[in-house]
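Input: a single structure, listed below in C-alpha cells.
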Amino acid sequence: MFLTEQQTIETKIKTFCEANGILLAALEWKPLPFNGEWGISTSFFATAAAESRLGKNIVVAKRAQEIAEQIKGQLGAEGFSRIEAVRGYLNLYFDTHKYSRRVVDTVLEQQGRFGSGPATGQQVMIEFSHPNTHKAFHVGHLRGTILGDSICRILDFAGYEVVRANYPGDMGLHVIKWLWGYLKYHNGEEPSADITKWMGEVYAEASKRLEENPDLETEVRGVYARWDQRDPEIVTLWERTREWSLEGFRQMYTALDVRFDVYYFNSQEEKPGKEIVDELIRSGIASDDRAQGGAVIVKIDEFLGLDKEQFRTAVVLRSDGTALYATEDLALTLHKFHDYPDLAKSLYLVDVRQSLHFTQVFKILEIAGHAEAQKCGHISYELVTLPGNVVMSSREGTVVLLEDLLREATSRARAEAQKKNPALTETQLESVAKAVGLGALKYPILARENTKMVTFDWQTALDFNGQAAPYIQYAHVRCNSILKKAQGDPQTLNFHRSPYEYELNPAEVQLIDMLSRFPDEVQRAAAEYKPLIIASIAYDIAKAFAGFYDACPVVQAEPRIRAARLRIVAATKQTLANSLALLGITAPEVM
RNA sequence: GCCCCUGUAGCUCAACGGAUAGAGCACCUGCCUUCUAAGCAGUAGGUUGUGGGUUCGAAUCCCGCCAGGGGCGCCA
C-alpha cells in the first residue's frame, strides 16, 4: 500500500551505506508487528553479522542497532508519520488516519471482490468427496467434502479457474455385497426418505449376515459372476440402485451447499484402465505374472534403479484379470487431461492413507511417458475418528451419519436462536437454524491443519460458543443491526468518504488492521490449500469487531465519528461475509 | 526394516526463520435501562516431547532419540 514510499527510503539507505562504507545486506521489508500503529520494518542483523564474519570485533545485536540509528539520523520521515530505530530494527510508521481510510475505502469499493486475487489464467482441477454408492455417508466423508469445497472456493477467489470433480465408487466388492443383500432380504423395496442412510443400512445388514454366516460368501461370489457376465437382471438392478445413491448424494450436497462441475465413475475407468495396463506390459514397464498365478505388477524402484525403498512395487491388475482401484486411477488421471487439456494442475484430495497409492500411480504414468502426470498431486488430510481412536467404518457400524448430525445441529441451532432472539419469524428461524447449524459443523473441521486428526464428539460439533462459526456469524449480524439502525440518516446514505480526523480508538484501529490482512491471507490459503488460514482470519476479524463493538458507539456517536464508523462497520460486514463465503458458511443478516 | 504424519497452557488448537509463543474450552472475578450478553473486560495457567546442530535470531530448518497414529504385491 505504501510501496512508493518504501522504495524511496530504500534508495536513501543504500546511498548512505555506500557513502559510509557499510556493506549492506539485502533489505527485507516486513509489516511491523501491529501494536496500535501500522508500519513496515527492516533489520540490520544480516549486515552486522557479515561484518562480524569479516573479523570485526563487534556484538551483532549492538552493531545492528548502531547502524539502524545512524540511518535513522539520515532520513527524513517523508511519507511516513515517524521513524524509529529499536533493537536492530528500523521501523517506519504510516500515518494512522490515512492508512485507515485507504483500507476501509478499498473494502467498500471492491465489496464482494475484496480480498480476491487477479486472474492467473490457470485452470486447476480438484477431485474431492468421492463417496461410495450403496454405502452410508458418514462424518468421516464429511471432512474431505467440506475441505474440498472450501479449497475450491479459495482457489477460485484467489484467481484460479477451478474445476470441481467428483469420483464416486459405483462398482466394487461393496456394491456386489449390497446387491446380494438386497435381492435376498429386501427385494422390491424402495428407499425411504433418507436414501443414503437406508442404502447404508442395507449394506451394514449384508455385512453382518455374511459375518455371522460365512457360507453365504458363495452366494455373493455368484452375484459377482453374474455381474461379470453382464446378467441383465443384475445390471439393471445395479443401474437402478446406483441411481438411488446418486440421488441421495445430490440431496446431501445440496444440504451442505457443495457442488461439482464434473462426475467421473470408477465403473467407467475399468476398461480404459485395463488397456493402459496392457500397454504397460507391452512396453516392459509392468510384468505380467498371471501365468505363474501372480498379478500384474510394476516394480517401480527396480525400474528406476533406486537402492532404497521409495516407490516400491505396485499391483496394477489382479491375478484373475479384474481391475483394482489402481487400474482405474491410471485411466482416470489421463481421462481428466483428455477432458480438460489445459489443466495446469490436477489435484486429488484424498485421505492420508492413500499417499503411497497416488505417488505410485503418478510415477508409473510418468515412466510410461505421460508428461501430464507431473501436473498431478495428492493433497492429503487426516481422518476423523471417534473417541478412543476408533475409525469410522460402515461395515462395523461405527459411524456418525451425516443425516443425523445435520438434523441434530439444525435443531439445536433452532432452539438456541429461538431462545436468544424470540422476535424471529418462522421463516427467519428456519434459515438461521440452517446457517448456524451447518456453520457450526463445518468450522471446526476447516479450522484445523489438514494433517491433524479430528476426533469427533457431539459436544464440540455442536458448540456454538467461542471460537466457532456462530461467533463469526454473530459479528456479521451485529454489523447488520448497526447499519439497519442507521438507515435514513443522510450521513449514512451517501456513505461519502470520511476523513477520520478524530482520534481513532485502539479497538477500531485493531479492527481495521484485521481487515487489511484479508487479501494476503487469501493468497496464502490458496498457495497452501489451507482453509485453516481463512478460518483464523475470519475469527480474528470477528474478535476485533467484538472489541470495537464494545468500545466504540456508532449510532450514538457525534456525526463525523458516526459517519466514519458506519463505514468501518460496513467494511467489516463485507469482509466477514467474504471470508465466510470461502469456508462455505452462510453469513446471516439476523440471528 | 523402509516411508509419511503428529507431539506447544489442565483439555482442543493457533503462531509467512524475527521483537514479550497466542486463542477457545474449563476454573475464578466483574459487566445488560445502551448498536442483540451467541458478547466484553480481568485473574490464572509454558523448560514448545527430548538431545545435539545450523543461524545474529529456532516452536518453525537439519540430524539422532522417545512417544502416538498411519502406509508398505492383488482393500479402497
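Side chains are part of it too, since the values below use all heavy atoms of this structure and drop only hydrogens, waters and symmetry mates. Chain letters run A, B, ... following the sequence lines, proteins first, then strands; residues in each count from 1. Everything numeric here is computed off the predicted structure, so don't read it as measured data.
Nucleic acid contact for A:T455: none, since no nucleic acid atom lies under 4.0 Å from a heavy atom of the residue. A:L32 comes within 4.0 angstrom of a nucleotide base, judged by non-hydrogen atoms across all strands. Within 4.0 Å (heavy atoms only), A:G293 reaches at least one base atom of the nucleic acid. Base engagement by A:K30 is indicated by at least one non-hydrogen atom pair under 4.0 Å involving a base atom. Residue A:M453 is classed as a sugar-phosphate contact, given heavy-atom separations below 4.0 Å to backbone atoms only. Heavy atoms of A:G294 sit under 4.0 angstrom from at least one base atom. A:V569 comes within 4.0 angstrom of nothing in the nucleic acid, heavy atoms only. At a threshold of 4.0 angstrom between heavy atoms, the contacts of A:T451 are confined to the sugar-phosphate backbone, with no base atom among them.
Using the Watson-Crick or G-U wobble rule with both distances under 3.5 Å, B:C2 pairs with B:G71. Base pairing of B:U33 is not made with any nucleotide, judged by Watson-Crick or G-U wobble geometry with both donor-acceptor distances under 3.5 Å. Across the strands present, B:A9 finds no partner; the criterion is a Watson-Crick or G-U wobble pair with both atom distances under 3.5 angstrom. In a base pair of the Watson-Crick type (N1 to N3 plus N6-O4 or O6-N4) or a G-U wobble (N1-O2 and O6-N3), with each distance short of 3.5 Å, B:G42 is matched with B:C28. Within the shown strands, B:G49 is the pairing partner of B:C65 under the Watson-Crick or G-U definition, both distances less than 3.5 Å.
When the P atom is used for both B:A26 and B:C11, the distance is 16 Å, rounded to whole Å. The gap from the P atom of B:A59 to that of B:U54 amounts to 16 Å, rounded to the nearest Å. Comparing B:A38 with B:U43, their P atoms sit 24 Å apart, to the nearest whole Å.
Each of B:A38, B:C74, B:U20 was ranked by its minimum atom distance to the side chain of A:A295; first place goes to B:C74.
We find that CG of A:L356 is positioned 21 Å from P of B:G69, with the value rounded to whole Å.
Residue-to-nucleotide proximity on RNA chain B shows that, of A:E449 and A:M171, the 5′-proximal contact is made by A:E449.
With a glycosidic angle no further than 90° from 0, B:G73 counts as syn.
Lacking a ring centre under 5.5 Å from that of the base six-membered ring together with a plane angle below 30°, A:Y471 does not count as stacked on B:A38.
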